[in-house]
Amino acid sequence: MTDAVRAGMEWVPRFGMLEVPCDRAELIRGLFELAAWVADHPELSLPIVTGRVYTGDGDWPAKCRVVDQVAEALGEVPVEDDGRYTVHKAFGPIEFYSTAITCQEMAAFHAHMSYAANVQPDPAAGGAR
């Protein structure tokens, strides 16, 4: 096999040629490369691996539709809680999710994080000041 790309196809390990868009083939190849790296470095701690499906910048119903599509594909039920609509599934130690966040919840998060630069650790006191 070769790493040469043919029109509409991409080569990935063990699968050979896949008829998927290049961005999907690139992700699949990256997952294989990560797996190979983990196998080659047993002396190192395992990485934390998460994946997510971006819900876009649309309105709340549009974002929720994306989560619903992901939920259906995963065979899971989404949960709505505190301005978030989320579906989650674990593939072994790999966490996969899709979350829609309301504009209000995102604004509250940004307001909260705007204070982050104002909190500096005080090494003498053993914590933040």
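Along the sequence shown, the residues carry numbers beginning at 1. Atoms considered below: every heavy atom in the structure, side chains included; atoms not considered: hydrogens, waters and symmetry mates.
- Taken from CD1 in Ile94 to CG in Leu34, the straight-line distance is 7.5 Å, to the nearest 0.5 Å.
- Under a hydrophobic-cluster definition in which Ile, Leu, Val, Met, Phe, Trp and Tyr are linked whenever side-chain heavy atoms come within less than 4.5 Å, directly or via other members, Val67 and Val77 are assigned to different clusters.
- For the pair Ala100 and Lys63, the tightest heavy-atom approach, listed with the atom from each and the gap, is CB-CB, 3.6 Å.
- For residues 40-93, the pairs satisfying ring-ring contact (aromatic ring centres under 6.0 Å, His included) are Trp37-His41, with sequence neighbours left out.
- Shown here are the side chain to side chain contact (heavy atoms under 4.5 Å, CB included) partners of Ala62, two or more places apart in sequence or in another chain: Asp59, Arg65.
- Note: Tyr97 OH to Arg52 CZ = 6.0 Å, rounded to the nearest 0.5 Å.
- Results of the side chain to side chain contact (heavy atoms under 4.5 Å, CB included) test with Val53 over Leu74, Val87, Val66 single out Val66 as the only residue that passes.
- At most 12 non-hydrogen atoms from other residues, nucleotides or ligands lie less than 6.0 angstrom from CD of Glu72.
- We find the OG1-CD distance between Thr50 and Glu95 to be 8.0 Å, quoted to the nearest 0.5 Å.
- Other residues, nucleotides and ligands place no more than 12 heavy atoms under 6.0 Å from the CD1 atom of Ile48.
- Pro93 is not listed as a side-chain neighbour of Leu46, based on a closest heavy-atom distance of 4.5 Å or more.
- Note that CZ of Phe109 is 16.0 Å distant from CD of Gln104, once rounded to the nearest 0.5 Å.
- The line from CZ of Arg84 to CD1 of Ile101 is 4.0 Å long, rounded to the nearest 0.5 Å.
- Separating the CD atom in Glu80 from the OG1 atom in Thr86 is a distance of 9.5 Å, to the nearest 0.5 Å.
- The side chain to side chain contact (heavy atoms under 4.5 Å, CB included) test applied to Leu27 returns Leu31, not counting sequence neighbours.
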